[in-house]
Colleague: 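Dumping the structure here so I can ask a few things about it.
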Amino acid sequence: MASASATLLKSSPILDKSEWIKGQNLRQPLVSFVRCHPTSPSVFTVRASSYADELVQTAKTIASPGRGILAMDESNATCGKRLASIGLENTEANRQAYRTLLVSAPGLGEYISGAILFEETLYQSTTDGKKMVDVLVEQKIVPGIKVDKGLVPLPGSNNESWCQGLDGLSSRTAAYYQQGARFAKWRTVVSIPNGPSALAVKEAAWGLARYAAISQDSGLVPIVEPEILLDGEHGIDSTFEVAQKVWAEVFFYLAENNVMFEGILLKPSMVTPGAECKDKATPQQVADYTLKLLHRRIPPAVPGIMFLSGGQSEVEATLNLNAMNQSPHPWHVSFSYARALQNTCLKTWGGRPENVKAAHEVLLVRAKANSFAQLGKYTGEGESEEAKKGMFVKGYVY
Ligand code: 13P
């Protein structure tokens with residue numbers, strides 16, 4: 001009888017705290033190892049990042065009970081739209097003031113384990129001169145970085161898009177690690193009304209897999225985000241079918257690229273009807289469809305599933321997450337919300353220094369509500385009318 005394959009994995013020790021904080025320990029990436037099967041002539045070369053242990057540890061820290069991710073990685077253009085909604089100009093100073101507000105909410109780290117930043121913020125200081133990254137680390141929040149370069153039309157498709165950013169990515173991820181980032185995000189999208197065509201799905205999945213492999217090589221845990229857009233009149237069954245196809249393809253290419261599943265996080269859309277569908281779904285239906293999808297497609301080796309909010313209202317996103325956490329799962333099922341964490345906070349702040357305290361309080365209310373939802377203990381009591389408003393925008397770009 002054949003014995004188990006012999007596997008040799010050389011991995012580095014986990015960084016101690018001071019190294020982790022300063023991000024100065026940049027080790028040489030990549031060690032190859034060979035996996036041999038004694039009865040078979042075939043030899044597979046499997047590559048593992050020299051950061052393997054650290055990647056696993058980072059992913060576990062982010063996927064820790066009662067915590068999730070604050071996505072605050074809006075590009076300057078998108079951040080400008082947010083600021084315009086409260087009558088502020090899109091200047092670097094205003095973006096800095098808003099991001100300072102978010103990272104400095106007292107006690108945020110109790111509910112938030114990671115924060116995704118835009119490049120500007122990763123290298124920026126707060127309005128009182130501390131590095132944003134240091135403020136996050138003091139709050140026990142892992143700094144992350146959006147590394148994709150956005151969406152452009154995909155020639156040869158049905159008006160669909162593809163995500164840019166692979167060129168030069170390994171130099172950028174190495175520099176981001178040195179600056180203190182420990183995880184990365186790449187958001188590509190799939191549109192149901194426009195197809196999705198086999199080409200667009202393949203391109204999305206391949207891009208995510210290449211990005212994930214490159215990020216792991218630099219010590220960054222990749223968040224894999226093929227967002228299935230809410231746009232459309234389709235019902236929940238169509239979303240489910242498309243999501244099954246997309247995740248099958250994503251995992252096929254992740255495996256082909258030797259991505260270590262224990263060192264990634266996923267950022268899926270919940271399975272819901274299209275935003276313009278007449279039939280609405282209850283949180284229970286969203287949870288049932290979404291969990292069925294996850295159980296069919298996501299290996300238990302993946303530590304965390306951090307949903308995006310995608311235009312749902314703050315309360316809706318929390319209720320849906322809570323419904324999914326009524327039973328135990330092989331993975332941590334949590335949130336990585338931008339709009340569904342920030343909306344009421346932004347409105348409450350309104351760009352006025354005298355509102356900072358109130359804005360912090362409402363951000364903590366939302367973060368705590370989602371923390372409860374991660375634990376399956378959210379009741380939905382006492383939510384404001386503002387938090388119940390939907391935020392869907394047709395053709396939303398991030
Ligand atoms: P939303 O939660 O606003 O959909 O943001 C998703 C996202 O990808 C942010 O990183």
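One-based numbering, in listed order, for ligands and for the atoms of each.
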Colleague: Between S197 and E160, do the side chains contain an N or O donor and an N or O acceptor separated by less than 3.5 Å?
Modeller: yes
Colleague: Taking only heavy atoms of R187, which atoms of ligand 1 are found under 4.0 Å from at least one of them?
Modeller: 8 (O)
Colleague: Taking both backbone and side-chain atoms of G311, is any N or O found less than 3.5 Å from an N or O belonging to ligand 1?
Modeller: no
Colleague: Is there side-chain contact between S334 and I305, with at least one heavy-atom pair below 4.5 Å?
Modeller: no
Colleague: I'd like to check which ligand 1 atoms, numbered from 1 as shown, lie under 4.0 Å from a non-hydrogen atom of D73.
Modeller: 9 (C), 10 (O)
Colleague: Taking the side chain as every heavy atom from C-beta outward, state whether R99 and E74 have any atom pair closer than 4.5 Å.
Modeller: yes
Colleague: Just checking, any donor-acceptor pair under 3.5 angstrom between side chains of D237 and Y289?
Modeller: yes
Colleague: Taking only heavy atoms of G310 into account, list the atoms of ligand 1 that are under 4.0 Å away from them.
Modeller: 1 (P), 2 (O), 4 (O)
Colleague: For ligand 1, which atoms, with element, lie under 4.0 Å from some heavy atom of Y337?
Modeller: 2 (O)
Colleague: Within a distance under 4.0 Å of any heavy atom of A71, pick out the atoms of ligand 1 and give their elements.
Modeller: 9 (C), 10 (O)
Colleague: Is E227 in contact with ligand 1, taking contact as a heavy-atom separation below 4.0 Å?
Modeller: no
Colleague: Determine, for E120 against K146, whether the closest basic-nitrogen to carboxylate-oxygen distance falls under 4.0 angstrom.
Modeller: no
Colleague: Can you tell which of S336, S309, A317 gets a heavy atom nearest to atom 2 (O) of ligand 1?
Modeller: S309
Colleague: Answer yes or no for R82 and Y98: cation-pi contact, defined as NZ/CZ to six-membered ring centre under 6.0 Å and angle to ring axis within 45°.
Modeller: no
Colleague: Considering only heavy atoms, does K185 approach ligand 1 within less than 4.0 Å through its side chain, its backbone, both, or neither?
Modeller: side chain
Colleague: With atoms numbered from 1 as shown, which atoms in ligand 1 lie under 4.0 angstrom from a non-hydrogen atom of E225?
Modeller: 7 (C), 8 (O)
Colleague: For S75 and T78, does a side-chain donor sit closer than 3.5 Å to a side-chain acceptor?
Modeller: yes
Colleague: Please check if the side chain of S113 supplies one atom and the backbone of I62 the other of a donor-acceptor pair under 3.5 Å.
Modeller: yes
Colleague: Contact between ligand 1 and A340 is defined here as a heavy atom of the residue under 4.0 Å from a ligand atom; is it met?
Modeller: no
Colleague: Heavy atoms only: which of K267, E74, R339 is nearest to atom 6 (C) of ligand 1?
Modeller: K267
